Novice: 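Would you mind keeping the following structure in view while I ask a few things?
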Amino acid sequence: MFKNNIQMVVYIIIFIILICLFIYFGKIDYKNEIPDNIKFSTEYNLVGTDNVFKYVNAADVNMIASGKKGIVLFGNPSSKWVNSYASIVNDVAKEVGIKEIFYYDFFSDRDENNGTYETIVNSLGNYITYTDISAADLYAPTLLVVANDLILYFDSETSFITGTTSPKDYWNEFNTGLKKNTLKEVFTKYMNGSR
């Protein structure tokens, strides 16, 4: 089979090297962490890469819903309304000087109806929409602003648009201007400690 012992030793060494390389490359973590701002702008094309959004989970949002200072945008890429709303929120946040707004994609937690999601809903009970069968849920997009253990702002205005109105039609110059003025006032209050 082998012409001589040296050839057999070379083949064995090459075989061992190949196995070591296979193991080495198999253990490398090839996950490239995409920064939150890039990920967000990929999911929401109306928001540029220079945005203030940071992805968080239900536990982080629960702390804010319970009174810790923070701003949370509740959304999901499947909602066509979140894209336009997030763009408005981002523009005003950058103008006012807010460096970070938490983004929580709550759809899977809502579908699972897990305990943390239920705690968030219960914490926001006075602001949450209830269905005709008394079921309380969050809807996208919703913006929550909390400072000094107070909810300064809870906005789910475009979560329940009826008819065939599109985000582009709804967020005309007039409605966008009104929303930007409201957000500027709320964000300024938030930055000043809600005085």
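We number each residue from 1, following the sequence as shown. Nothing here was measured: the structure is a model prediction, and the numbers come from that model.
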Novice: Could you state the interatomic distance from CG (Asp105) to OG (Ser78), rounded to the nearest 0.5 Å?
Specialist: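 Between atom CG of Asp105 and atom OG of Ser78 there are 7.5 Å.
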
Novice: When you compare the side chain of Phe187 with that of Ile71, does any pair of heavy atoms fall below 4.5 Å?
Specialist: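 Sidechains of Phe187 and Ile71: in contact.
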
Novice: Are the side chain of Ser87 and the backbone N or O of Val47 linked by a donor-acceptor pair below 3.5 Å?
Specialist: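 Absent.
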
Novice: Would you say NZ of Lys94 has more than 12 non-hydrogen atoms from neighbouring residues, nucleotides or ligands within 6.0 angstrom?
Specialist: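 Yes.
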
Novice: Show your working on side chain to side chain donor-acceptor pair (under 3.5 Å) between Asn51 and Tyr44 and close with a plain yes or no.
Specialist: CA-CA 11 Å; Asn51 66 67; Tyr44 299 104; over 6 Å; no

Novice: Looking at OG of Ser79 and OH of Tyr139, how far apart are the two atoms once the value is rounded to the nearest 0.5 Å?
Specialist: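 Result: 12.5 Å between the selected atoms.
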
Novice: Give me the atom names and distance for the closest heavy-atom approach of Pro167 to Trp81.
Specialist: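 In terms of heavy atoms, the two residues are closest at CA-CZ3, 3.4 Å.
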
Novice: Do Leu46 and Tyr170 belong together in a cluster built from hydrophobic side chains that touch within less than 4.5 Å?
Specialist: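 No, because Leu46 and Tyr170 fall into different hydrophobic clusters, even though each may have its own neighbours under 4.5 Å.
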
Novice: Restricting to non-hydrogen atoms, name the atom on Glu157 and the atom on Trp171 that form the minimum distance, rounded to 0.1 Å.
Specialist: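 Shortest heavy-atom contact: OE2-CH2, 4.3 Å.
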
Novice: What heavy-atom pair brings Leu124 and Ile151 nearest, and what distance separates the two atoms?
Specialist: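 Heavy-atom minimum between the residues: CD2-CD1, 3.5 Å.
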
Novice: Determine whether more than 12 heavy atoms belonging to other residues, nucleotides or ligands lie under 6.0 Å from atom CG of Leu178.
Specialist: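 Yes.
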
Novice: Any side-chain heavy atom of Asp109 sitting closer than 4.5 Å to one from Thr116?
Specialist: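 Of all side-chain heavy-atom pairs linking Thr116 with Asp109, none is under 4.5 Å.
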
Novice: Looking at side-chain heavy atoms only, is the closest gap between Ile120 and Tyr104 below 4.5 Å?
Specialist: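 Contact flag for Ile120/Tyr104 side chains = yes.
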
Novice: Pairs under 3.5 angstrom only: tabulate donor-acceptor contacts from the side chains of residues 53-63 to other protein residues two or more places apart or in another chain.
Specialist:
unit_1	atom_1	unit_2	atom_2	d
Tyr55	OH	Glu43	OE1	3.0
Asn57	OD1	Ala59	N	3.1
Asn57	OD1	Asp60	N	3.0
Asp60	OD2	Asn57	N	3.4

Novice: Within the supplied structure, the quantity of interest is the number of heavy atoms (other residues, nucleotides, ligands) at a distance under 6.0 Å from Phe22 CZ; does it exceed 12?
Specialist: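 Open: at most 12 neighbouring heavy atoms sit under 6.0 Å from CZ of Phe22.
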
Novice: Spell out, yes or no, whether Phe154 and Val82 are grouped together once hydrophobic residues are joined by side-chain heavy atoms under 4.5 Å, including indirect joins.
Specialist: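 Phe154 does not cluster with Val82.
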
Novice: Flag yes if more than 12 heavy atoms outside Ile6 fall under 6.0 Å of its CD1 atom; otherwise flag no.
Specialist: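 At most 12 heavy atoms, drawn from other residues, nucleotides or ligands, come within 6.0 Å of this atom.
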
Novice: When rounded to the nearest 0.5 angstrom, what distance separates CG in Leu183 from OG1 in Thr188?
Specialist: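 Reported value, rounded in 0.5 Å steps: 10.0 Å.
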
Novice: Would a single hydrophobic cluster contain both Leu18 and Val9, if residues Ile, Leu, Val, Met, Phe, Trp and Tyr are joined by side-chain heavy-atom contacts under 4.5 Å?
Specialist: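 Unlinked, Val9 and Leu18 end up in two clusters.
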
Novice: Checking the side chain of Asn90 only, and the main-chain atoms of Val52 only, is there a donor and an acceptor separated by less than 3.5 Å?
Specialist: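 Yes; at least one donor-acceptor contact below 3.5 Å.
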
Novice: Heavy-atom count around Glu185 CD within 6.0 Å, excluding the residue itself: above 12?
Specialist: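 Atom CD in Glu185 is not packed in, count stays at 12 or less.
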
Novice: Does the side chain to side chain contact (heavy atoms under 4.5 Å, CB included) test come out yes or no for Asn37 and Asp50, once each step is laid out?
Specialist: CA-CA 7 Å; Asn37 62 322; Asp50 180 26; over 6 Å; no

Novice: Do the side chains of Tyr127 and Tyr153 get nearer than 4.5 Å, heavy atoms only?
Specialist: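 Sidechains of Tyr127 and Tyr153: no contact.
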
Novice: Looking at every non-hydrogen atom in both residues, tell me the closest pair between Ala140 and Asn76 and how far apart they are.
Specialist: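 In this case the closest contact between Ala140 and Asn76 is CB-N, 4.3 Å.
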
Novice: With rounding to the nearest 0.5 angstrom, report the CD1 to OH distance, Ile16 to Tyr11.
Specialist: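 Those atoms lie 15.0 Å apart.
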
Novice: For residues Ile101 and Tyr190: do they belong to one hydrophobic cluster (side chain heavy atoms under 4.5 Å, members Ile, Leu, Val, Met, Phe, Trp, Tyr)?
Specialist: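 Yes, because Ile101 and Tyr190 connect within a single hydrophobic cluster, where side-chain heavy atoms sit under 4.5 Å apart.
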
Novice: Anything under 30° is parallel, anything over 60° is perpendicular, the rest tilted; go ahead and classify Phe106 against Tyr117.
Specialist: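 Taking Tyr117 first and then Phe106, their aromatic rings lie parallel (interplane angle under 30°).
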
Novice: Ion pair present between Asp137 and Arg110, side-chain N to carboxylate O less than 4.0 angstrom?
Specialist: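 Looking at Asp137 and Arg110, the cut-off is not met.
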
Novice: To the nearest 0.5 angstrom, please state how far the CE atom of Met191 sits from the NZ atom of Lys99.
Specialist: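 Going from CE on Met191 over to NZ on Lys99, the span is 7.5 Å.
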
Novice: To check you understand the geometry: which heavy-atom pair defines the closest contact between Leu144 and Ala65, and what is its length?
Specialist: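 Distance-wise, the nearest heavy atoms are CD2-CA, 4.2 Å.
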
Novice: Is there a side-chain contact between Ser159 and Thr142, using heavy atoms and a 4.5 Å cut-off?
Specialist: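 Counting from C-beta outward, Ser159 and Thr142 do come under 4.5 Å.
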
Novice: Is the shortest side-chain heavy-atom distance between Val146 and Lys68 below 4.5 Å?
Specialist: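 Heavy-atom side-chain distance check fails, nothing below 4.5 Å.
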
Novice: Hey, quick one: are Val89 and Phe74 part of the same hydrophobic cluster, counting side-chain heavy atoms closer than 4.5 Å, chains of contacts allowed?
Specialist: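 Result: no, two separate clusters.
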
Novice: Inspect the surroundings of CZ in Phe174 and state if more than 12 heavy atoms from other residues, nucleotides or ligands are less than 6.0 Å away.
Specialist: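 Not buried by this count: 12 neighbours or fewer within 6.0 Å.
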
Novice: Applying side-chain contact (heavy atoms from CB on, under 4.5 Å), can you list everything that pairs with Glu95, at least two apart in sequence or on another chain?
Specialist: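 Expected list: Lys184.
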
Novice: Stepwise, does the side chain to side chain donor-acceptor pair (under 3.5 Å) test hold for Tyr85 with Asp155?
Specialist: CA-CA 11 Å; Tyr85 189 77; Asp155 180 28; 2.5 Å; yes

Novice: To the nearest 0.5 Å, tell me how far Thr182 OG1 sits from Lys179 NZ.
Specialist: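 Going from OG1 on Thr182 over to NZ on Lys179, the span is 6.0 Å.
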
Novice: Taking all non-hydrogen atoms of both residues, which atom of Val72 and which atom of Ile64 are closest, and how far apart?
Specialist: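 Nearest pair, atom of Val72 first, then Ile64: CG2-CD1, 3.6 Å.
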
